[in-house]
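Taking it in order: structure first as structure tokens, then the write-up.
Each residue takes its place number in the sequence, starting with 1.
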Amino acid sequence: EAYPNPFNPQTKFHFATATSQRVTVKVFNALGKQVATLYQGTVPANETQFITFEGNGLASGLYLVQVLGQNFSAVRRMNLVK
């Protein structure tokens with residue numbers, strides 16, 4: 001989960017994978033348009049990755065962060081309040 005949430009202008013979250021694999025972390029607005037790629041690379045097994053998302057320059061509203069690995073996918077909600 002992102003913390004803090006709602007956020008302004010910055011929020012943070014973390015993730016880890018059970019096996020070493022390629023992972024992409026993207027942020028989408030409520031209309032499904034991609035607004036950022038936060039991470040793209042190989043994550044070692046059981047190593048926590050810490051991500052910071054800056055909402056500067058974006059409108060207030062709902063954003064979705066997608067963490068996509070080779071064998072999993074997760075989506076979480078974030079609310080930007082200005």
Is the backbone of K82 close enough, under 3.5 Å, to the side chain of S60 for a donor and an acceptor to pair up by distance? yes

Calculate, to the nearest 0.5 Å, the distance between atoms CG and CG belonging to N8 and L58 respectively. 11.0 Å

Heavy atoms only: give me the nearest L38-T52 pair and the separation to one decimal. CD2-O, 4.4 Å

Which heavy atom of E1 sits nearest to which heavy atom of F13, and what is that distance? O-CB, 3.7 Å

CZ-CZ distance between F53 and F7, expressed to the nearest 0.5 angstrom: 5.0 Å

Sort and list the pairs that fulfil side-chain hydrogen bond (donor to acceptor under 3.5 Å, both in side chains) and have at least one residue in residues 62-72, not counting sequence neighbours. Q21-N71

Scanning both residues in full, the closest heavy-atom pair of P4 with T11 reads O-OG1, 2.8 Å

Does a side-chain heavy-atom distance below 4.5 Å link V67 with F72? yes

4.5 Å side-chain heavy-atom contact, V27 and M78: yes

Identify, with sequence neighbours excluded, every residue that meets salt bridge (charged side-chain N to carboxylate O under 4.0 Å, His left out) alongside R77. none

What closest approach, in Å, do A45 and A18 show between heavy atoms, and which atom pair accounts for it? CB-O, 3.5 Å

Mind checking side-chain hydrogen bond (donor to acceptor under 3.5 Å, both in side chains) for Q10 and listing every partner two or more places apart, or none if nothing turns up? E54

Inter-residue atom distance N29.CG - L62.CG, 0.5 Å rounding: 9.0 Å

Which pair of non-hydrogen atoms, one from T17 and one from P44, has the smallest distance, and what is that distance? OG1-O, 3.9 Å

Please determine which of V81, L80, N79 meets the side-chain contact (heavy atoms from CB on, under 4.5 Å) test together with N5. N79

Using the side-chain contact (heavy atoms from CB on, under 4.5 Å) rule, pick out the option among T48, V65, V43 that qualifies with F15. V43

